[in-house]
2 protein chains.
Amino acid sequence: MISNKAKYALRALLAIAAQPEGEALTSTEIARRHAIPHKFLEQILLDLKKSGILESRRGKAGGYVMLRPADTISFGEVLRIFDGPLAPLPCLSRNAYRRCEDCENEARCMIRREFARSYEASRQVLDSRTIGDALNEGQELPLAAQNRRVG
Amino acid sequence: MISNKAKYALRALLAIAAQPEGEALTSTEIARRHAIPHKFLEQILLDLKKSGILESRRGKAGGYVMLRPADTISFGEVLRIFDGPLAPLPCLSRNAYRRCEDCENEARCMIRREFARSYEASRQVLDSRTIGDALNEGQELPLAAQNRRVG
DNA sequence: GCCATTCCCTACAAATCCGATAGGCTTTAT
DNA sequence: ATAAAGCCTATCGGATTTGTAGGGAATGGC
């Protein structure tokens with residue numbers, strides 16, 4: 001399970017990236033729209049800023065804007081910021097490798113070998129799919145499916 | 001990251017399944033071989049027994065034996081016992097579904113849609129690969145690779 | 001210059017989970 | 001009877017999660 005923090009971060013990013021070019025979105029507005037505790041969200045947005053994903057403007061008419069284009073920000077990158085390494089075992093993380101202290105022979109470890117398969121499969125998805133991708137696909141079936149039910 | 005508990009459980013299962021047919025393995029022996037805290041391992045083996053994966057014999061010459069064949073026990077099943085649902089979001093778990101309270105429209109949730117992809121990819125692997133599979137492949141290249149280095 | 005608005009930063013706290021440790025009870029083979 | 005093994009429950013320190021709280025700093029409008 002991913003953390004609330006990561007989920008909130010993704011929600012916020014999707015909202016900010018969906019804004020018209022150059023228009024800022026405030027933390028208050030994001031919190032209101034998505035029912036996220038405001039002060040908690042502030043911390044999250046700050047982390048995203050420190051990671052070089054968002055830019056902020058202070059004062060009245062301030063808010064947050066994308067610093068990098070949405071289609072360069074993968075789900076994996078965001079997850080790593082808030083939930084740490086994606087790898088199921090420390091010895092499988094390229095970014096944050098750590099040997100399993102009790103493992104005698106890494107190359108022959110059967111557990112490592114099996115998890116490497118599953119990790120590779122999910123990493124492939126998480127590191128290739130971006131905020132931009134999600135946003136584009138979200139618009140493909142806009143309200144049609146909904147309205148058809150009502151009508 | 002998977003928990004130590006799950007990792008220990010998998011180690012133990014691989015060891016027990018590797019025993020000659022019908023021969024029991026004691027918790028003490030498993031703990032010694034794999035450097036697992038003994039009393040902690042006992043709890044884990046107990047859980048595996050309650051889950052119907054292991055069978056136990058008490059008293060002198062006791063120990064643990066597989067109850068179900070090793071090739072019917074997937075990595076996913078073991079993970080679920082110790083670490084809970086594999087799904088990255090509660091709303092994606094078939095087994096332990098829970099609605100995200102703050103999600104307005106599940107079918108149109110972009111986060112859910114993206115994680116469904118990655119989840120499907122890893123679930124595919126974890127639920128299909130079994131303890132038996134791992135054991136068979138582990139024997140394919142036994143000591144050859146190792147000895148060749150030395151020689 | 002003042003004020004409201006907004007982001008920035010740090011501290012703290014309750015709850016839960018993780019990774020054991022501990023102690024004793026029950027069953028079984030010899 | 002005894003030793004060896006599994007069975008069961010309680011406890012515990014530390015880390016992590018999920019916030020809450022309070023205020024400081026910048027900015028724009030008046």
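Letters go in sequence order (proteins before strands), and every chain restarts at 1.
- The structure places SG of B:Cys109 at 10.0 Å from CZ of B:Phe115, a figure rounded to the nearest 0.5 Å.
- End-to-end axis angle of the helix from C:dG1-D:dC30 to C:dT30-D:dA1, using five pairs per end and rounding to 10°, comes to 10°.
- For the pair B:Thr130 (side chain) and B:Gly132 (backbone), a donor-acceptor distance under 3.5 Å is present.
- In the set D:dA21, C:dG23, D:dG6, D:dA21 carries the atom at the smallest distance from any side-chain atom of A:Lys39.
- Screening A:Arg32, A:His38, A:Lys39 against A:Ser27 for a side chain to side chain donor-acceptor pair (under 3.5 Å) leaves a single residue, A:His38.
- At least one donor-acceptor pair closer than 3.5 Å links the side chain of A:Arg112 to the backbone N or O of A:Cys91.
- Side-chain nitrogen and oxygen atoms of A:Tyr8 include none within less than 4.0 Å of the OP1 or OP2 phosphate oxygen of D:dT18.
- Here C:dC9 is the nucleotide among C:dC9, C:dC7, D:dT18 with the atom lying nearest to any side-chain atom of A:Leu46.
- Residue A:Tyr64 places no side-chain N or O under 4.0 Å from the OP1 or OP2 atom of C:dT6.
- The A:Arg58 side chain lies nearest to D:dG24 when the options are D:dG28, D:dA3, D:dG24.
- Residue order along DNA chain D, read from the 5' end via each residue's closest nucleotide, puts B:Gly63 first among B:Gly63 and A:Ala61.
- The residue A:Phe82 sits apart from the nucleic acid: no heavy atom pair falls under 4.0 Å.
- Within the 4.5 Å cutoff, the side chain of A:Arg94 has no heavy atoms near those of the A:Arg123 side chain.
- The phosphate of D:dA4 (OP1 or OP2) has no side-chain N or O of B:Thr26 nearer than 4.0 angstrom.
- Nearest-nucleotide mapping onto DNA chain D: of B:His38 and A:Pro37, the residue sitting toward the 5' end is B:His38.
- Of the side-chain N and O atoms in A:Ser56, one or more sit less than 4.0 angstrom from OP1 or OP2 of C:dC8.
- Minimum atom distance to the side chain of B:Phe40 is reached by C:dT21, of the listed C:dT10, C:dT21, D:dG6.
- No hydrogens or angles were tested; on distance alone, a donor-acceptor pair under 3.5 Å links the side chain of B:Gln43 to the base of C:dT21.
- Contacts of A:Lys50 with the nucleic acid, taken as non-hydrogen atoms under 4.0 Å apart, involve only primed sugar atoms and P, OP1 or OP2.
- Rounded to the nearest 0.5 Å, atoms CD (B:Glu114) and CG (A:Leu10) are 10.0 Å apart.
- Around atom CZ of B:Arg98, no more than 12 heavy atoms belonging to other residues, nucleotides or ligands sit under 6.0 Å away.
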